[in-house]
Each structure stands twice: as C-alpha cells, then as structure tokens.
Asker: 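I am attaching a structure below and will ask some questions about it afterwards.
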There are 2 protein chains.
Amino acid sequence: MRQKTTLKSIARELDVSISTVSKALKNSDEIGKETKEKVQAFAKLYNYKPNNVAISLKNKRTKNIGVVIPDIVHHFFTTVFRGIEKYANERGYNVVICISDESYDKEVINLEMLSNGSVDGFIMSLSAETQKKNDFNHLKEILNQGIPIVLFDRVTNEIDCDKVILNDREIAYEAVSTFIADGRKRIALVTTESYFNVSEERAIGYRDALTANNITLDENLILKLHYKDFNETDISNFFKANKIDAVLCVNELFATMCMGIVQNDGVQIPKDIAFMGFTDGMLSKYSKPTLTTVAQHGDKMGEAAARFLIDRIENETDDEIPAYETEIIKATIIQRDSTN
Amino acid sequence: MRQKTTLKSIARELDVSISTVSKALKNSDEIGKETKEKVQAFAKLYNYKPNNVAISLKNKRTKNIGVVIPDIVHHFFTTVFRGIEKYANERGYNVVICISDESYDKEVINLEMLSNGSVDGFIMSLSAETQKKNDFNHLKEILNQGIPIVLFDRVTNEIDCDKVILNDREIAYEAVSTFIADGRKRIALVTTESYFNVSEERAIGYRDALTANNITLDENLILKLHYKDFNETDISNFFKANKIDAVLCVNELFATMCMGIVQNDGVQIPKDIAFMGFTDGMLSKYSKPTLTTVAQHGDKMGEAAARFLIDRIENETDDEIPAYETEIIKATIIQRDSTN
DNA sequence: TATCAACACGAAACCGTTTGCGTAAAGAAT
DNA sequence: ATTCTTTACGCAAACGGTTTCGTGTTGATA
C-alpha cells in the first residue's frame, strides 16, 4: 500500500520545513509566491488531504455527531435520521450511528463507545427498556462530562437538555375530535404499554377529546399491545367484544394490522369502523384501504435536533450553559380512505 | 465545562510522569504495585477514558467504517445496515453513515469527506445516478489511496474489490418457474430502468426461465418504471392492454402498488393474476393480499460486507493485496397469499 | 567492597497538524 | 558603515496517547 502523503513527506521531498508546507497550503502570506506555488502543485499532484484525525486532536473537535436510536428498520426513525444527516452534512459534520435495539444495556454501551472523544455530541431517542426502567444515569454521566445531548421523540423529564418532540397530545385530540365530528362515538385506542412517553401523551389527548365532547371513557375500548410481539387473535377478539366505530392507533403498523383483521371478520372500512394511525410510512400509503394517518415530519424533527446540537457544540464557552430548549414539531393529519 | 481528565492531568496531580500513568493504567509490570493502585483509583474516580482521537492518530487506524448508501428510508438498505452495524460493533468498530440520495455528486462528496483518515474503509451500494453514468473514478481514487471498499447489491464489474450480492438471476428464474409450474403462462415483469444491475440480473433470470419452458418472450409484458416517479394510469393501462396471469416485480413497492391498481379494476389475486415481489418488508407482510416475495436477507449481506471489510483492514500488509472475493447471498421465496 | 541484576520510573520520540515566535538574508534608510 | 525593516522561512510546542530505551536506587552476590 502506497505511503500517505503528509505535510512531512511533502516537506522532505521539497526540502522545506513542515510549517512552510502547512502555511503554503493555507496560502499564508508569510510564504513566498514561488514556494507556495511549488508546494501547492506538489500537494495537488500527490493528492494531499490533511489528516482529519490529527486536526481533530488539535482542535479538540471531531465534527462528528453520534446518533443513538432504538431501531433502524423503522420508517419514523429513518426519516428523522435523514433529517439529521442532511443538516449535519451541510454544516460539515459526519454522523456516527449506533442502534440500541430497544435495549438499555446496548444504549449504555453505545454511549460509552462514543464518549471518549469520538463525537462532539449526541442525538438520541430512548430505548423501550430505558423508558421502562426509567434509569437515565448513563445520560447524566455524559452530560456531566460536558458532552451535549439532544433528545427527540422518546424523551424524559428526568434529563435536562435540548429536546425535540411532536405535539402528540394535541394531534391525538384533534384526531379523536374528527371522529366525533363525523358522528362516531365508540372510539377505541390501540396503543403500547404506557411507559412509552409518546403513547402516553397520545392517550391523554384521546381522553381529553372524549371528555370535552361528553363521551364517557370506556376503559374496555383501550387495547394495549406489546410494541413488537402481539397476538392476532387477541386483536380480533377485542373488536368482536366491543361495539366500536372508530379507532385511533399509535402507529401505522397497529392500524394496518387491525384493519386487516377486522376486514377478514367482514367489517367495512370506513363505513363500519374508521381508522387512523400515526406515522405516514409505506403501510399507510399502500394499505387497503389507504390509511388516514398522522404525519410526524421526521425530517423536520431530525433537522431541529441536529441544529440544536451543533449550535450548542459550536457555542461552547467557559461561561454558563445557555438554557435548554424544547422544540415542538407540529404533526399533521393526512386524510386517506380509512376515514370519511 | 469541566476539564477533561487526561494522562497529563493525572500525572500532574499524582506527581508522576505521563508514561508511568499510561503504563499503570495498562497494568504494566514495569510499574510498582502501589503506584498502579494509586493511579488506577485516581483514574476511576475522575472517570478517565483514553482519548480515542489520540489513539487513532497513533495507530493510524480509526476503527471507523464508512457506509455510503443511496437511501435510508428504505427497508432493504436498513436491514443491510443493521447487519453491518451489529457485526462491526462486535469487532469494536463504529459506523459513519452517509446518504448519497441516489446522486452521483453526493456520492463523490461523501467519499471525499471520509477519505481523509476519518474511516478505515468503506461499504457502499451505488447510487442510481452513478449506475446510470457508469462513472466510477471516485471509487478508483479511494482504492488507489489504499483504502479498501466493499460493494454490496448495486455493484459494478468496473471496480475490482470485495463484493456481496444476491443470486438475483437464479431467484428470479425460480420465481418465474414457480409461476409456470402453477400453469401460468402470460408472465409479466415490472422492473426499473435497466441501468440498475440488480434489475438487469432479475430480468435475465426472468427471460431464461421463460426460454427454458418454451414460452416465447413477449416484450409487451415488460413494464419499466422509474425507481421513484411513476404514473398509476400507465400501470393500469399496462394491465388492461395485456392478458397477464402472473407478475414478477423487482421490489415490493411496485408489487403492492400494482396489486392495488388491478384490484380496483376488479382483478382477483391470485385467482386471475398472481404477484411476486422482491424485498420482504412491511408492505409484503401487510398488503392485501399479503405478498409472496423474495427475501434478500439484508442482515446477512451487511454482515458479510462488514466481515470482508474488517478482515481486509486488519490484514493490511506491505505485501501484495489478497485476491478480492465475491460472496453470493442466497435469496429465499416467502410464500404468502398473492400466489397459490 | 565492588559488581550486578532487578525494580520502578522518567525522558523522549512519534502519530499529523497548526501556529506563535524567532531569525537569517536582503534591501532600505540614516 | 551601521541600523532598521521586510521578507521568507524554520523551530518548537501543543493536542493526548503509546512505547522504547535509559537510568537511579535497592538489595543481593562474589
């Protein structure tokens, strides 16, 4: 393998000092015209690129940001990531990504791996296990080391840092209100275990909307499913056991699955039951019928998170830390065929 | 913000030399028991972590690998990425990811950004534009600099490097043969523009299977769609204009979309027309009917690619380069309700 | 008592850059 | 002829580690 061209190798070949080469390449006017031209030509010829690792060491800045998310084969997280990557790149940052796989331990390991100077800060969404354990010491550790963190979507009040979230409660309220305006009254909620903060917020919006419209909450109309392991028979039974004319699901997977199951049981959508989901992904667009759903604008969330983080990285001073902010991204409902 | 603890700061506090601290933390037996304990305790107390950037500079190895893929909001690429990330992590590598967004220029920029010592090697799948332009000088540049590349899925013969691909041709052959065995004869192919090597391979498998079964190829039964912009009316017309009883689509999106369209036109699946797609993603599992599809085992591809790359990075010698290999991942057909 | 090995540690080079400062050479000013 | 400026460059420290080699101290041995 060929030797890398470095300042030193150029200096040796051209019989000048390393600093002269460095300055010449930066077009410093400390260096004579001829020398500059000579050096620049040589550098170009041998395709010199300043070693980024050395620069990072010198600057104590890597221009890398770490992203730790629970899952990557997941529409919402990929859209957020796309937003992060795009914005970060525009500002000259690279993105290192680690998947926690919904595991607390992996989340801890991931943070460990990158908090040794590999990245200048983190963007995270909490794993299911972390939310369940409600243990955030690993995040506190990082913050104590002076490394900034931005949380998005799956956040917690326990940690004081910049955050980007969706207006989950309001949009759920709006969704349920729409059902009611269409004359539907027996409105079900299909959600996950309540330790997911977003599900909980959506549930609150659901309850609030019912209350506001004088509909008594029927706990039987709330179905909690595990976020990945669920039983189709349970779902079928849920719909058979209760008179239901509208369903709000906290994600598009639940919605699509439920639609498939009730359709097999002869239910007409949206005539008999209307469905609405969260996450405007492939399933929503191509399910049958197509699904009315809440678009979370992941790209925007990602961009906002990256902006928060990079601003904070680049404004680091020895003075006090600027106050942390929370940006709320406004969701929108995309009307399709599963509602009228 | 608190000062980072470094070897130097520990040395200063404990009034020993930097090298003593370094050795003590590595449990070198050059250092006395008491000193070691003192240093280790101090380091633990102040949460010392060796600066990864400094180590990278010293070792001329970053333990980072760069992944450049065309898209991230994409089931197949995310599964591959998951495979890469998992395997790389097990071997102590971090993953920096760049999205080319199907653009040649971005692909070039991404490679530029990371080829300055930021990563030890690349795993890539070519962008649509790159495949169309058929220009791979940016890859050659990287290889010339002695940085290894592994290509997966969207590869090219122009570049000599390790590759991981699917047995596209054979599995397409098998898919079409299955149709024929079911008594179907008017078999359509819905594919992308032919500059995609994978689509081309699948098309060859399709043709070969027809030929092998004495079915004359009808070019009218081949529909080429742009990979992201397509017109539903065109698709509807295609199915109306031709008598078709089976369809092989090169991805699940095309398949799901076509199913939706023909169902709207009153076609029964799989009675009238059977459908098969590629990519065993969400759409396949939850479309109506569920889609028989070719599972590409992205995780396996990712793992294989990462293994190739890391082995090559860690075996770098001054001797000659070991011969490049191509690993072929075997696809499998997942039987669902869109075929009988 | 002189010699020597073992022990415990420090000095310094190195990885590749950047940058403040010192300085030799050359020309200008006195 | 002497002093002062420029000009054009080199030296060296610094970033945070690792590692080779050198060396002062100690106790044992001849």
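Just so it is clear: chains get the letters A, B, ... in the order the sequence lines come, proteins before strands, and each one is counted from 1. Just the heavy atoms: all of them, side chains too, but no hydrogens, waters or symmetry mates, feed the values below.
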Asker: Could you tell me whether A/T35 contacts a base, only the sugar-phosphate backbone, or nothing, with contacts defined as non-hydrogen atoms closer than 4.0 Å?
Answerer: sugar-phosphate

Asker: In whole Å, what is the span from the CD1 atom of A/I18 to the C1' atom of D/dA14?
Answerer: 14 Å

Asker: With heavy atoms of chain A within less than 4.0 Å as the criterion, where does contact along DNA chain C begin and end?
Answerer: C/dC15 to C/dC21

Asker: Quick one: closest heavy-atom pair of A/E85 and A/N89, and the distance?
Answerer: OE2-ND2, 2.7 Å

Asker: Please state how far atom CD1 in B/I55 lies from atom P in D/dC15, giving the value in whole angstrom units.
Answerer: 17 Å

Asker: Please tell me which of A/E30 and A/S22 maps to the more 5' nucleotide of DNA chain C, matching each residue to the nucleotide holding its nearest heavy atom.
Answerer: A/S22

Asker: Please figure out whether A/Y48 or B/S19 has its closest DNA chain C nucleotide nearer the 5' end.
Answerer: B/S19

Asker: Using a 4.0 Å heavy-atom cut-off, does B/K49 contact any base of the nucleic acid, only the sugar-phosphate backbone, or nothing at all?
Answerer: sugar-phosphate

Asker: Specify the separation, in whole Å, of atom CG of B/L25 and atom P of D/dT19.
Answerer: 13 Å

Asker: For A/L7 and D/dC11, give me the distance from atom CG to atom P, rounded to whole Å.
Answerer: 15 Å

Asker: Figure out the CD1/C1' separation between B/I31 and D/dT19, and round it to whole Å.
Answerer: 12 Å

Asker: With heavy atoms under 4.0 Å as the rule, sort A/K60 into base, sugar-phosphate or nothing.
Answerer: sugar-phosphate

Asker: Categorize A/K36 for me: base, sugar-phosphate, or nothing, with a 4.0 angstrom heavy-atom threshold over every strand shown.
Answerer: nothing

Asker: Tell me if a side-chain donor or acceptor on B/S127 pairs with a main-chain N or O of B/P70 at a distance below 3.5 Å.
Answerer: no

Asker: Classify the ring geometry between B/F77 and B/H74 as parallel (under 30°), tilted (30 to 60°) or perpendicular (over 60°).
Answerer: tilted

Asker: At less than 4.0 Å, is any side-chain N or O atom of B/K26 found next to OP1 or OP2 of D/dT18? Yes or no.
Answerer: yes

Asker: Show your working on side-chain hydrogen bond (donor to acceptor under 3.5 Å, both in side chains) between B/N110 and B/S100 and close with a plain yes or no.
Answerer: CA-CA 7 Å; B/N110 288 334; B/S100 68; 5.5 Å; no

Asker: In this structure, how many angstroms lie between the C1' atom of D/dA14 and the CG atom of A/L57, rounded?
Answerer: 9 Å

Asker: Give me each pair satisfying ring-ring contact (aromatic ring centres under 6.0 Å, His included) with a member in residues 95-121 of chain A, each pair once, sequence neighbours excluded.
Answerer: A/Y104-A/H138

Asker: Is any side-chain N or O of A/K23 closer than 4.0 Å to OP1 or OP2 of D/dC9?
Answerer: no

Asker: Quick one: label B/K58 by what it contacts on the DNA or RNA (base, sugar-phosphate, nothing), any heavy atom closer than 4.0 Å.
Answerer: base

Asker: Grab the CG-C1' distance between A/N59 and D/dA13 for me, whole Å please.
Answerer: 16 Å

Asker: Taking 4.0 angstrom as the limit, do B/R91 and B/E314 come out as a salt bridge?
Answerer: yes

Asker: Identify, between B/T20 and B/A54, the residue whose nearest nucleotide on DNA chain D lies closer to the 5' end.
Answerer: B/A54

Asker: Under the criterion salt bridge (Lys or Arg N to Asp or Glu O under 4.0 Å), which of A/R154, A/K133, A/K132 is the partner of A/E102?
Answerer: A/R154

Asker: Under 3.5 Å, is there a donor-acceptor pair between the side chain of B/S22 and the main chain of B/I18?
Answerer: no

Asker: Within the structure shown, what part of the strands sits under 4.0 Å from A/V16 by heavy-atom distance: base, sugar-phosphate, or nothing?
Answerer: sugar-phosphate

Asker: With hydrogens left out and only the distance checked, is there a donor-acceptor pair under 3.5 Å joining A/S17's side chain and the base of D/dC11?
Answerer: no

